[in-house]
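Just so it is clear: chains get the letters A, B, ... in the order the sequence lines come, proteins before strands, and each one is counted from 1.
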2 protein chains.
Amino acid sequence: MGQEQKIASAPTTATDDKPLKKSGYHHGDLRAGLIEATRRLVEEKGPDGFSVSDACRLAGVSTAAPYKHFKDKTEMLVAMVLEGMQRHRAKMLASLEGLPEGSPDRVTALGREYVTFALEENGIFRLKFGGFSDRLDDPRLQAAGEETFGIVLREVAACIGESDVTPEVRRRGFMLWSFVHGLSFLLLDKKLSDMSGGVELDNLLSDIARRVLQD
Amino acid sequence: MGQEQKIASAPTTATDDKPLKKSGYHHGDLRAGLIEATRRLVEEKGPDGFSVSDACRLAGVSTAAPYKHFKDKTEMLVAMVLEGMQRHRAKMLASLEGLPEGSPDRVTALGREYVTFALEENGIFRLKFGGFSDRLDDPRLQAAGEETFGIVLREVAACIGESDVTPEVRRRGFMLWSFVHGLSFLLLDKKLSDMSGGVELDNLLSDIARRVLQD
DNA sequence: TCGCAAAGTTAGCATCTCTTACATATGTTA
DNA sequence: TAACATATGTAAGAGATGCTAACTTTGCGA
């Protein structure tokens, strides 16, 4: 008790132009602070362990403060997931840099980034995919998801020699997505005991990519 | 409102030896009734939408009644998941009947059964795998899961010509599990719009089985 | 400098939750 | 039939939650 520290901002850039935390009454960027608090809490306690009150406590504000920035508890969660997906997308794109066009390594890299994100930011992952789609059915979330999947499809098309996103490309892409998606969940639930380090993971990913992309 | 019907028993056999629903004061088998109510509620409202009170309302008893049968809310959920996994296991075994030993069709059949169960009984599926493993860490659940996975491993071994569950068998089995697991989640979240009917699903499953089991 | 809008706070309502202590109904067995 | 164990109901406690209304502080722009 009482060991919690206030959250000022997302853990991203050190060179922010906006001051995110001021001294007293005004928080600076409470919206970002609450999103970050939400992220941490969902990560620790699971999607249903999250409460607005907890987020306020963690962010160091009163329980009424969030309602100046979010309409709802749900909107807090949506905002948090949305922000996470943008980070995810950026990371996936970054992981492609330096790898030759049309190489299966690019698909493997995307897969690794997917699994890594799911493990590191499992709060976001579980909220988005853990069966809360009824309550979090914001169209922005769906759009963001499709955009991310588009990245994969482009790489798959290049690998199997299609210039367009044909039904076959979709099919293969969906296979790969299913695989990394399931792998993420199983790793999260610690169903794989002997996968130590990232080496085995890389093997598995490239092996699957090869099998799905071939002939 | 008021259209709900009391739950008497699990929707399984019609020839039960124990009477599951009697007339007035005594429910007959309230334990089973509550498990069934729990199942329905988690299915409808999601894992976190479940409350003991709701289950009582649905089962037609007072809110104190469950505590004669379960220690806890958690124990209700565990019991419900456990019972579901036993049904799941039985169905998987039944799906193998009539298929020749060592045939990849057996693996495909298991996969289809997995996905079907996840879709039909998604409450159980989501509770077991949706990230609630911290709160539902009962050893019986883990044991049941490993036993089910054992069924798959046996078939995989037969398919790739191993007589034992070697590391390679585990590896392939894990690939297949990841795939059907992820596929289940994606289908649940309606991420695949164009997979109409079960035909495409069968194609996908046998295709994946072939790719993972070959060479 | 002054006033106003934005951002926070305090207080509280209404509701729902899980759980228990105790009373009551029922089925069973001697 | 009488007594006892089991199964249920009643009532209530102790909290937490989401959200709103009304008040206060702060920063910024005219």
* Asked: Looking only at side-chain N and O atoms, does A:His69 come under 4.0 Å of OP1 or OP2 in C:dA6?
  -> no
* Rounded interatomic separation in angstrom, taking NZ from B:Lys68 and C1' from C:dT24 -> 12 Å
* To do: Could you tell me the separation between the CZ atom of B:Phe70 and the P atom of D:dT8, rounded to a whole number of Å?
  => 11 Å
* Just how far, in rounded Å, is C1' of D:dG18 from CD of A:Glu75? -> 15 Å
When you compare the protein's N or O atoms with those of nucleotides 13-19 of chain C, which come within less than 3.5 Å of each other, and at what distance?
unit_1 : atom_1 : unit_2  : atom_2 : d
C:dT17 : OP1    : B:Ser51 : OG     : 3.0
C:dT17 : OP2    : B:Arg57 : NH2    : 3.4
C:dC18 : OP1    : B:Val52 : N      : 3.0
C:dC18 : OP1    : B:Lys73 : NZ     : 3.2
C:dC18 : OP2    : B:Val52 : N      : 3.1
C:dC18 : OP2    : B:Ser53 : N      : 3.3
C:dC18 : OP2    : B:Ser53 : OG     : 3.0
C:dT19 : OP1    : B:Asp72 : OD1    : 2.8
C:dT19 : OP2    : B:Tyr67 : OH     : 2.8
C:dT19 : OP2    : B:Lys73 : N      : 3.1

* Taking atom CD of A:Glu36 and atom CG of A:Leu30, what is their separation to the nearest 0.5 Å? -> 12.5 Å
* **Gap between atoms NZ and C1', on A:Lys45 and D:dT17 respectively (whole Å)** => 13 Å
* Report the residues that fulfil side chain to side chain contact (heavy atoms under 4.5 Å, CB included) with B:Phe149, sequence neighbours left out, ordered by chain and then residue number. => B:Val152, B:Leu153, B:Arg170, B:Trp177
* To do: Please list, chain by chain and in numerical order, all residues satisfying side chain to side chain contact (heavy atoms under 4.5 Å, CB included) with B:Asp207, sequence neighbours excluded.
  => A:Arg171, A:Met175, B:Arg210, B:Arg211
* Asked: Which residues satisfy the side chain to side chain contact (heavy atoms under 4.5 Å, CB included) test with B:Ala158, sequence neighbours excluded?
  -> none
* To do: Apply ring pair (Phe, Tyr, Trp, His ring centres under 6.0 Å) to B:His88 and list each qualifying residue two or more places apart in sequence or on a separate chain.
  => B:Tyr114, B:Phe117
* Whole angstrom is fine here: how far is it from CG in B:Asp29 over to P in C:dG27? => 15 Å
* **Partner residues of A:Arg154 under the side chain to side chain contact (heavy atoms under 4.5 Å, CB included) criterion, sequence neighbours left out** => A:Ile151
* Rounded to whole angstroms, how far apart are CZ on B:Arg31 and P on D:dT8? -> 13 Å
* Asked: C:dA7 P sits how many Å from A:Leu34 CG, rounded?
  -> 13 Å
